[in-house]
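Here's the structure, in structure tokens; my notes come after.
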Amino acid sequence: MKGFYDYSQIEEKWQKKWADEGLFKTDEQSDKENYYVLEMFPYPSGNLHMGHVRVYSIGDVIARFKNMKGYNVLHPMGWDAFGLPAENAAIKHGNVHPAEWTWANIDNMREQMKALGLSYDWDREVTTAYPDYYKWTQWFFIQMYKKGLAYKNKSAVNWCPGCETVLANEQVVNNQCERCDSEVDKKELEQWFFKITDYADRLIDDHQLLENWPEKVKTMQRNWIGRSEGMKIKFPVKGVDQELEVFTTRPDTIYGATYMVLAPEHPLVKELIDGTDKEEEVNEFINKVKKQKEMERTSPESEKDGIFTGGYAINPMTGKEIPIMIANYVLMGYGTGAIMAVPAHDQRDLDFAMKYDLPVTVVIQPDEQEEILSSEELAGEAYTGGGHLVNSADFDGLSVEEAFDKMAAEMEKKDIGNVEVNYRLRDWLISRQRYWGTPIPIVYCESCGPVAVPEDQLPVELPHDVEFSPTGESPLKNVEEFVNTECPECGGKAKREIDTMDTFVDSSWYFLRYIDPHNQELPFSKEMAEKWFPVSQYIGGVEHAILHLLYARFFTKVISDLGLTDEVEPFGNWLAQGMVLKDGTKMSKSKGNVVDPREILAKYGADTARLFILFASPPEKDLEWSEAGVEGSERFLNRVWRLVSEHIRGLKEIDFAKSDSSAIDVKSFNKEEKELYRQLHVTIKRVSEDIDERLNFNTAISAIMELTNAAYQYLNNLDADDINYPLFKLVIDKLLVLLSPFAPHMTAELWVELGNKGFVYEQPWPEYQESAMKKDEVTIVVQINGKVRDKVEVDAELSEEE
RNA sequence: GCCGGGGUGGCGGAAUUGGCAGACGCAUCGGACUUAAAAUCCGGUGGGUAUAUAUACCCGUGUCGGUUCGAGCCCGACCCCCGGCACCA
């Protein structure tokens, strides 16, 4: 036996053995309790990066631990294989097809995952770009189309000039494209949407089912959905047979609504100004606003600009005529694109009113204020606090809360307005003007209009030979044999939808395909869903907090409504793992601070790499890469290796299968032996709980290090003849089992070197004994006035002597 | 501005939830082995005061205050950092 851990000789050998034995295949017939552990699948970009190593190491520890704990574990892997980089590579290199590029990357990354020793059931591998997967993505689209949850609509959408495609709101960050950082434009286009807004309330309310999600992430989603309760109120427009609808969260302030403001894009603007002397002036203003960058226009710091339309509305409660303004600070995309301005109680409205000399009426004031406040007394500060109503006719004296209810009742009775909930969340725009994605299964018939492709004609296959250079329209446009088809309803001439789906659609249900990956009749069977769904533990980066995780939750609810599963949440437990940093920032090619996992694996081996990445930091925190830290992990593994190799002769003689645990006679232990035995049980408890309950792998590993130190400590004080080999062997065996999820290769090798039978991976997880953990100490509790004053621990032997 | 998370040695981080702050590791210093180096093993390492030494005592978890026999942890006020949303009506 070598005197050091030679990973290059060992790791590949074990990976091959595990594969040959089919060790990680999920047993469908097992009667053990099921456990489904899943890491977010990667986009096949070509090579694993350190972020991948981190997620997959975490998932692998959990999978191996749960297996040893006696669960029937499902631990699958797949590929989020559609996407822009494949197409961009094809354009850049000219002669490589996105499909070939993707398949080659997948092969590459699969090998790298195997080299890490990850315990996946590769028989369940899922690839979203294969027709047998995207057939079901299309199938879900059609089910949603039939239920009115997928619809086509013309509206102002986000356009990324870099990617030459539209984007969902969720993919726009600070008005930039989330993937290429180009400034996003607005374009008026007809596009496909999923009606995620129908699920807004459920997406918020069901957060209560997600007890183990980080509060931070629930908050992010809640902010994103942006639910606000208020009223829609109709204001008659003077001289036009129309009503102007506004949304407000403060109907209690309606008596203070002294003017109206429309977004420049509001349809009523045209009607108000057409043919009036204001027409030219107003249009000039609107053009000026349109030229403003989105960022400038929507920043709270920006100057509020506006103009009078010449029109008036009638405040339905006061009956007074109030001017209708247009201003850059009102947005068409939220509410109704029009507001009732209450300058006394909204800072934006007050700033605007002062600039354009509009009337201000105080209608709420603090309870301790007796005299009615004048607008001058506000001194430019809108009053947004609570209090009682004034200047509000019959409602005077009511509190803000009472006024809301009374006002709502009154307005509903008079049919002026109704209580409404508004969301910031927009419907999910899913069409993309790109090639490498799932075709949208819709056909446009000259006589029948848009028709869903019948289920028995799925999949609508993506054609292979296509000119991909982006033109702002889908490259499928020019593939005549794809585009020209016949109508499934009337058999007449028809054209196919040429846009493809956002790749986030593909990844919104992949976790359900793993549970039944070869099903030809359905995306998955309900029986399998009952067995495996929801995912027991999901692991992935927090950067998907809104995009992927919101979409996946939405899809699960839709799928549940379709009756395919009873579950409404896909991931009850989600571990949001942090990033891997170098020099304090995210690794990136442009910064030149990338550490390539391939180099680390070549230099230190998989066990060391895994151990370091799990030990350096708790999983949800960002992790600073440190070569010195990696060396520390290597040092520790070698310490364990030597613990065995230096005593291999004595250890090999102990065979628990023959002499069983009666060789361990706790009563006859001396002080040092007792201490080591105690340390063993303490370690078992700590490691088990750290993995199982807290997902704190860093502290689990430090506990194993302490046990290793304790073993060295024990040996240090002894001559070789005095070693209690049965005890020492027991400690080593258990130590290897505890360490095996973290360092699977080395522990596998040591396990057989010791002459033990079977794979260490298949050993039962050790149980700890409470009694073995007790220190030989007596606790003396000092009480004063019945309260515990002090606890003193005294060595039992000493106290007996006294 | 609103919402959420956080602040502990030179560094990454522990403290099993109110009970010996700094586990484990990195870095560093000293010792052993060696002709020497590497590797390895053993030991020191929050700050300070006293002592020849063993040791003893004081201070210390962003700041100030409170509750408690006892606070890194609970309460109040404030400062700073990170993340989300934001002219959202």
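Chain letters run A, B, ... following the sequence lines, proteins first, then strands; residues in each count from 1. All values below come from the heavy atoms of this structure, side chains included, with hydrogens, waters and symmetry mates left out. Fair warning: this is a prediction, and the values are worked out from it, not measured in the lab.
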Tell me every residue that passes ring-ring contact (aromatic ring centres under 6.0 Å, His included) with [X], counting only those two or more places apart in sequence or in another chain.
X: A/Trp224; answer: none
X: A/Phe4; answer: none
X: A/Phe352; answer: A/Tyr259, A/Tyr329, A/Tyr356
X: A/His681; answer: A/Tyr677

Let me know the distance between [atom1] of [X] and [atom2] of [N], rounded to the nearest Å.
X: A/Asn696; N: B/A23; atom1: CG; atom2: C1'; value: 14 Å
X: A/Leu547; N: B/G84; atom1: CG; atom2: C1'; value: 13 Å
X: A/Glu689; N: B/A23; atom1: CD; atom2: P; value: 21 Å
X: A/Gln713; N: B/A23; atom1: CD; atom2: C1'; value: 15 Å
X: A/Trp213; N: B/G83; atom1: CH2; atom2: P; value: 21 Å

TODO: Could you point out which residue of A/Ile322, A/Ile326, A/Leu268 forms a side chain to side chain contact (heavy atoms under 4.5 Å, CB included) with A/Met260?
DONE: A/Ile322
- [ ] Kindly write out the residues that satisfy side chain to side chain contact (heavy atoms under 4.5 Å, CB included) with A/Asn418, not counting sequence neighbours, or none if the list is empty.
- [x]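 With sequence neighbours excluded, A/Asn418 shows a side chain to side chain contact (heavy atoms under 4.5 Å, CB included) to A/Lys232, A/Glu412, A/Glu420, given in chain and number order.
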Open item on the list: Once side chain to side chain contact (heavy atoms under 4.5 Å, CB included) is applied, do any residues pair with A/Thr747, and if so which ones, sequence neighbours excluded?
Closed with: A/Leu736, A/Leu739, A/Ser740, A/Val760
Taking only N/O atoms, report every protein-nucleotides 26-32 of chain B pair under 3.5 Å with atom names and distance.
residue : atom : partner  : partner atom : Å
B/C26   : OP1  : A/Arg635 : NH1          : 2.6

TODO: Determine the interatomic distance between C1' on B/A32 and the same-named atom on B/G46; round to the nearest Å.
DONE: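 After rounding to an integer number of Å, I get 28 Å for this pair.
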- [ ] Provide the distance between the two C1' atoms, one in B/G19 and one in B/C78, to the nearest whole Å.
- [x]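 29 Å, rounded to whole Å.
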- [ ] Quick one: list whatever passes side chain to side chain donor-acceptor pair (under 3.5 Å) with A/Thr197, sequence neighbours left out.
- [x]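 Once residues adjacent in sequence are excluded, the partners of A/Thr197 under the side chain to side chain donor-acceptor pair (under 3.5 Å) criterion are A/Asp427.
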- [ ] Check side chain to side chain donor-acceptor pair (under 3.5 Å) between A/Ser645 and all other residues, then give those that pass, not counting sequence neighbours.
- [x] none
TODO: Scan residues 611-633 of chain A for pairs that pass salt bridge (charged side-chain N to carboxylate O under 4.0 Å, His left out), counting only residues two or more places apart or in two chains.
DONE: A/Lys603-A/Glu627
- [ ] Ignoring the backbone of A/Arg424, work out which of B/C24, B/A86, B/A89 is nearest its side chain.
- [x] B/A86
Task: Selected nucleotide, minimal atom distance to A/Asn698 side chain, candidates B/C88, B/G13, B/C41 - done: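 Side chain of A/Asn698 sits closest to B/G13.
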Open item on the list: Working to the nearest 0.5 angstrom, can you tell me the gap between A/Arg694 CZ and A/Arg686 CZ?
Closed with: 9.5 Å
- [ ] Sugar-phosphate atoms are those with a prime plus P, OP1 and OP2; base atoms are the rest. Using that split, label each nucleotide of nucleotides 4-9 of chain B B, S or - for protein heavy atoms under 4.0 Å, 5' to 3'.
- [x] S-----
Would you say a side-chain N or O of [X] is under 4.0 Å from OP1 or OP2 of [N]?
X: A/Asn709; N: B/G25; result: yes
X: A/Arg348; N: B/G1; result: no
X: A/Ser228; N: B/A89; result: yes

TODO: Give the stems involving RNA chain B, where a stem is 3 or more consecutive Watson-Crick or G-U wobble pairs (i with j, i+1 with j-1, and so on) under 3.5 Å.
DONE: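 Result, WC/G-U stems under 3.5 Å: B:1-7 with B:79-85, B:10-12 with B:24-26, B:27-32 with B:40-45, B:46-50 with B:55-59, B:62-66 with B:74-78.
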TODO: Between A/Tyr712 and A/Gly335, just flag the one whose closest nucleotide in RNA chain B comes earlier from the 5' side.
DONE: A/Tyr712
